[in-house]
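Comments concern the structure below.
Each chain gets a letter, A, B and so on, in the order its sequence line appears, and its residues count up from 1. Just so it is clear, the model here is predicted, and its values are computed rather than measured.
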2 protein chains.
Amino acid sequence: MSVPRRGRPAGPTGPVIGRALRLLDAFDAQRRELTLSELARRADMPLSTAHRLMQELCAWGAVERGTDGLYRIGLRLWELGSLAPRGPGLREAALPFLEDLSQITKENVQLAVREGTEVVFVERIAGSGAVPVLTRVGGRFALTATGVGLVLLAHAPAEVQEEVLNGPIDRYTAKTVTDPVQLRRMLADTRSNGFSVSDRQVTMDSLSVGAPIRDRHGVVIAAVSLVVRHGSTTPHALARLVRTSAQAISRALSA
Amino acid sequence: MSVPRRGRPAGPTGPVIGRALRLLDAFDAQRRELTLSELARRADMPLSTAHRLMQELCAWGAVERGTDGLYRIGLRLWELGSLAPRGPGLREAALPFLEDLSQITKENVQLAVREGTEVVFVERIAGSGAVPVLTRVGGRFALTATGVGLVLLAHAPAEVQEEVLNGPIDRYTAKTVTDPVQLRRMLADTRSNGFSVSDRQVTMDSLSVGAPIRDRHGVVIAAVSLVVRHGSTTPHALARLVRTSAQAISRALSA
DNA sequence: CTAAGGGCTTCCATTTTCCGGAAACAGCGC
DNA sequence: GCGCTGTTTCCGGAAAATGGAAGCCCTTAG
């Protein structure tokens with residue numbers, strides 16, 4: 001009396017949009033092209049579900065599918081992303097100043113904003129022959145370790161600070177500060193000095209100094225930093241340059 | 001006997017993802033910040049529906065909501081967009097060559113790819129004192145009018161060419177070519193010459209010359225163009241420069 | 001002070017869309 | 001042929017989506 005069972009009694013899954021976005025999240029800098037199976041695996045969902053969702057995303061142009069069957073992020077999404085105010089807008093306004101900084105110091109220059117409890121790197125200019133750094137434009141990092149991160153954390157809402165300081169704090173080197181009490185002191189210093197210093201906290205041969213960029217209301221919305229080889233200069237010499245540059249960018253943004 | 005009717009009998013709507021993407025589409029270069037009501041209006045859906053969908057998008061970081069209640073495109077979307085291979089990757093590889101071209105000519109330089117039956121501008125360098133152009137990075141335009149558009153159309157799959165040539169063809173000036181027969185001839189010329197010429201087809205004081213950028217297999221994936229004031233130079237003088245630049249970019253991409 | 005208007009948020013009965021196992025399909029190497 | 005891997009289609013059942021209505025919070029007007 002029973003028809004040959006088709007489909008599945010359907011269990012609690014969650015909002016569709018969430019699952020679609022999980023699929024998009026499967027893409028990253030290392031994996032810009034994925035097969036359907038890889039997508040399904042990485043997003044942890046059945047193949048047929050992934051297939052249907054990807055079809056819809058494809059139809060709209062959020063993702064594209066090559067003749068080889070691989071999925072890639074589509075131009076439509078790039079266009080949309082170009083409309084994000086903090087990323088591209090800030091980036092364009094700051095670029096000339098970052099280039100000045102790069103010209104003068106020949107070191108690595110970084111521009112970043114805070115997203116939740118992480119740093120997102122918006123622009124990065126590699127100094128000729130400077131220390132290699134781990135970061136990538138569009139990439140993320142913990143707020144507690146880098147020069148830009150410390151600046152952004154120091155000026156973040158109290159609840160964000162608490163969440164970060166009470167949560168587990170990633171360690172990258174032997175010098176990474178993971179003690180909440182010590183971190184609080186560093187944040188206070190960052191606020192009173194107007195710049196942050198991250199000494200060998202990310203890699204053992206690098207030091208970075210960051211300064212805050214403010215909008216017209218004085219709210220900190222981004223941070224610049226110089227990343228140099230540890231021991232090549234004193235933090236204070238860099239701080240002057242970075243602060244000046246950050247202030248110039250802040251003024252340019254308010255105009 | 002009837003309880004005070006709540007909710008609505010629900011009518012046929014369509015896939016959720018489509019509606020969510022329609023909401024995102026409501027953002028454009030002019031309107032980077034929208035209220036919920038504007039979003040609902042532009043995406044043509046009930047307020048409560050828009051509200052629920054935006055909440056989900058917000059939760060993931062696709063959009064952000066300021067303290068003022070306005071919605072903006074979120075950083076997460078910008079990050080994702082940065083992973084699109086055609087946009088950013090091509091852009092970075094081509095940028096040095098475009099700057100050379102801009103330095104030499106002091107004119108407007110444009111880099112574009114095809115998306116469906118439209119041109120998408122990936123990069124644009126404004127020449128100092130050159131003719132003002134209408135286009136914007138991330139913007140779209142018809143394939144039939146611009147220098148880059150003609151190149152991309154000339155090398156598009158036959159079905160795309162037919163769709164464009166048989167469909168309605170937008171007119172921008174008195175000189176815009178809208179006759180399919182004449183356009184076919186122009187496309188044939190573009191292919192045999194290795195460059196396209198758009199003479200006063202977009203505005204009455206501009207002329208643009210475009211050339212194809214190819215991947216390692218020889219497939220045309222993008223186009224460069226110079227846009228100059230009409231009458232300031234002959235197309236052939238520009239063609240040499242643009243073709244050389246396009247070939248250099250093609251080689252850089254294959255490496 | 002009350003009223004009116006604009007925008008935002010929550011609620012919930014209805015039903016539409018989504019879910020995903022299974023089975024068929026398409027390559028490829030052996 | 002057979003097995004293997006990755007992709008596509010199918011469809012009954014169930015969860016998630018839907019959107020009027022009502023409640024909120026403002027600011028402006030009377």
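Atom pair His51(B):NE2 and dG19(D):P shows a separation of 15 Å (rounding to whole Å applied). Per the geometry, CZ belonging to Arg52(A) stands 13 Å off C1' belonging to dA15(D), to the nearest Å. Counting to the nearest Å, the C1' atom of dC8(C) and the CG atom of Asp68(B) are 14 Å from each other. Look at CD1 on Ile17(A): it is 10 Å from P on dC18(C), rounded to the nearest Å. Rounded to whole Å, atom P of dC8(C) lies 7 Å from atom CG of Leu47(B). Rounded to an integer number of Å, the gap from CE of Met54(A) to P of dG20(C) is 16 Å. Atom CD of Gln55(A) and atom C1' of dC18(C) are 14 Å apart (whole Å).
No contact: Arg41(A) has no heavy atom under 4.0 Å from any strand. Here Thr49(B) lies in heavy-atom contact (under 4.0 Å) with a base. Gly14(B) comes within 4.0 angstrom of the backbone, heavy atoms only, and of no base.
Salt bridge annotation for Arg72(A)-Glu64(A): absent, with no cationic side-chain nitrogen under 4.0 angstrom from a carboxylate oxygen. A salt bridge is absent between Asp44(A) and Arg22(A); no separation between the charged side-chain nitrogens and carboxylate oxygens falls under 4.0 Å.
The shortest distance between the side-chain N/O atoms of Thr13(A) and the OP1/OP2 oxygens of dC18(C) is not below 4.0 Å. Side-chain nitrogen and oxygen atoms of Arg19(A) include at least one within less than 4.0 Å of the OP1 or OP2 phosphate oxygen of dC19(C).
For the pair His155(A) and Pro212(A), the minimum side-chain heavy-atom distance is below 4.5 Å. Put simply, the side chain of Gln55(A) does not reach to within 4.5 Å of the side chain of Pro15(B), judged on heavy atoms.
Of all heavy-atom pairs spanning Leu150(B) and Ser196(B), the tightest one is CB-CB, 3.8 Å.
Judged purely by atom type and a 3.5 angstrom limit, Arg41(A) has no side-chain atom pairing as donor or acceptor with the backbone of Ala43(A).
Between the two ends of the helix from dC1(C)-dG30(D) to dC30(C)-dG1(D), each summarised by a five-pair axis, the helix axis turns through 30° (rounded to 10 degrees).
Dense packing is recorded around CZ of Arg171(A), with more than 12 heavy atoms of other residues, nucleotides or ligands lying under 6.0 Å away.
Here dC8(C) is the nucleotide among dG21(C), dC8(C), dC19(C) with the atom lying nearest to any side-chain atom of Thr35(B).
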